[in-house]
Novice: 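The structure is given below, and queries will be raised subsequently.
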Amino acid sequence: MSVNAWALSIEDRSRLIQAAFEAKEGSYSPYSKFPVGAALLAPDGTIIKGANIENASYGGTICAERTAIVKAASEGIRSFIGLAVVTNVSSATSPCGICRQVLREFCALDMPILLVPGDYPKQLEPDQEQKPGYTEGGVRETTLDELLPDSFGPEQLELPRRT
């Protein structure tokens, strides 16, 4: 599948990346020391930010991507056209499996997902080539379908069943 991150305007892409960095500032990660910020773009241009919020009972932790989805869905925003995720790691870091499945509930499979390195924007050395799937600044551009192939979604619940 080809990446459709080009479906985002340059302005929306920049706004999403900036919002993900801003969201990361709200992280509560005293246990993992791994702050994460996520920013979702709604079709009307609204950006919803989320940060990971940890808990001493590790199972009570919620990831940044799910924080953003829950904030948006609870306010009636239930469709999205882009996502950016950032950590403090100098390479692009992907959402966990649970987050991918929650994103699947509300996002199109071809929705652009920007995985942003913590040291964005990265500068290429003069003799260095951009890795396939990566764009300026070291951002990995992907889609939900690429992150969650052969996924299970709401439409499967509507399929006919044997009784």
Novice: Nearest 0.5 Å please: distance from the OH atom of Tyr134 over to the CD atom of Glu129.
Specialist: 15.5 Å

Novice: Decide side chain to side chain contact (heavy atoms under 4.5 Å, CB included) for Phe80 and Ile48; before the verdict, give the C-alpha distance in whole Å, the side-chain angles of both, and the deciding distance to 0.1 Å.
Specialist: CA-CA 10 Å; Phe80 307 96; Ile48 303 90; 4.2 Å; yes

Novice: Taking Ser29 for the side chain and Ser32 for the main chain, is one N or O donor matched with an acceptor at less than 3.5 Å?
Specialist: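 Answer holds: no.
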
Novice: Of all heavy-atom pairs between Phe21 and Gly118, which one has the smallest distance, and what is that distance?
Specialist: CE2-O, 3.7 Å

Novice: With rounding to the nearest 0.5 angstrom, report the CG to CG distance, Leu41 to Leu114.
Specialist: 10.0 Å

Novice: Do the non-hydrogen side-chain atoms of Thr135 and Arg13 ever get within less than 4.5 Å of each other?
Specialist: yes

Novice: Before giving the answer on side chain to side chain contact (heavy atoms under 4.5 Å, CB included), spell out for Ile113 and Glu146 the whole-Å C-alpha distance, their side-chain angles and the decisive distance to 0.1 Å.
Specialist: CA-CA 10 Å; Ile113 297 178; Glu146 289 178 337; over 6 Å; no

Novice: Side chains of Leu124 and Lys122: closer than 4.5 Å at any heavy-atom pair?
Specialist: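 Not touching, per the 4.5 Å side-chain cut-off.
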
Novice: Are any side-chain N or O atoms of Lys71 and backbone N or O atoms of Lys49, one a donor and one an acceptor, separated by less than 3.5 Å?
Specialist: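 Present.
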
Novice: Is there a path of hydrophobic side-chain contacts, each under 4.5 Å between heavy atoms of I/L/V/M/F/W/Y residues, joining Val36 to Val70?
Specialist: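 Different hydrophobic clusters.
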
Novice: Applying a strict under-4.5 Å side-chain criterion to I, L, V, M, F, W and Y, I'd like to know whether Ile17 and Ile10 cluster together.
Specialist: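 No, because Ile17 and Ile10 fall into different hydrophobic clusters, even though each may have its own neighbours under 4.5 Å.
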
Novice: Report yes or no: do Lys33 and Asn88 form a side-chain donor-acceptor pair below 3.5 Å?
Specialist: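 Not at all, the side chains of Lys33 and Asn88 share no donor-acceptor pair under 3.5 Å.
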
Novice: Can Phe34 and Val89 be said to form a side chain to side chain contact (heavy atoms under 4.5 Å, CB included), step by step?
Specialist: CA-CA 9 Å; Phe34 196 84; Val89 175; 3.3 Å; yes

Novice: I need the minimum non-hydrogen distance between Thr93 and Val85, along with the two atoms involved.
Specialist: O-CG1, 4.1 Å

Novice: Starting at CD1 of Ile47, measure out to CG of Asp12 and round the result to the nearest 0.5 Å.
Specialist: 7.0 Å

Novice: To the closest 0.5 Å, what do you measure between CD1 (Ile81) and CG (Leu83)?
Specialist: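 One finds 12.0 Å between CD1 of Ile81 and CG of Leu83.
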
Novice: Between Glu54 and Pro30, which heavy-atom pair has the shortest distance, and what is it?
Specialist: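 Heavy-atom minimum between the residues: OE1-N, 3.4 Å.
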
Novice: Compare every heavy atom of Gln101 with every heavy atom of Phe152, then report the nearest pair and how far apart it is.
Specialist: O-NE2, 2.8 Å

Novice: Please report the shortest heavy-atom distance between Ile69 and Cys107, naming the atom on each side.
Specialist: CD1-SG, 4.5 Å

Novice: Determine whether a donor-acceptor pair (N or O, by modelled atom type, separation under 3.5 Å) exists between the side chain of Thr67 and the backbone of Ala51.
Specialist: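 Yes; at least one donor-acceptor contact below 3.5 Å.
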
Novice: How long is the straight-line distance from OG1 of Thr46 back to CD of Glu75, given to the nearest 0.5 Å?
Specialist: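 The distance works out to 11.0 Å.
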
Novice: Looking at every heavy atom in both Pro117 and Val86, which two are closest together, and how far apart are they?
Specialist: O-CG2, 3.9 Å

Novice: Determine whether Leu109 and Ser151 make a side-chain contact, defined as any pair of heavy atoms from C-beta on separated by less than 4.5 Å.
Specialist: yes

Novice: Using 0.5 Å steps for rounding, measure from the CE atom of Met111 to the CG atom of Leu40.
Specialist: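 Atom-to-atom, Met111:CE and Leu40:CG are 6.0 Å apart.
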
Novice: Walk me through whether Arg161 and Leu159 qualify under side chain to side chain contact (heavy atoms under 4.5 Å, CB included).
Specialist: CA-CA 6 Å; Arg161 300 178 185 131; Leu159 295 175; 5.9 Å; no

Novice: State whether a side-chain donor-acceptor pair under 3.5 Å links Asp110 with Thr143.
Specialist: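 Their side chains do not contain a donor-acceptor pair, so the 3.5 Å distance test is not met.
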
Novice: Between Arg100 and Ser94, does any side-chain donor sit less than 3.5 Å from a side-chain acceptor?
Specialist: yes

Novice: For Val102, does its backbone N or O pair with a side-chain atom of Glu105 as donor and acceptor, under 3.5 Å?
Specialist: no

Novice: Do Pro43 and Ser79 make a side-chain contact, defined as non-hydrogen atoms from C-beta onward lying under 4.5 Å apart?
Specialist: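 They are in side-chain contact.
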
Novice: Is any side-chain heavy atom of Leu103 closer than 4.5 Å to a side-chain heavy atom of Leu148?
Specialist: no

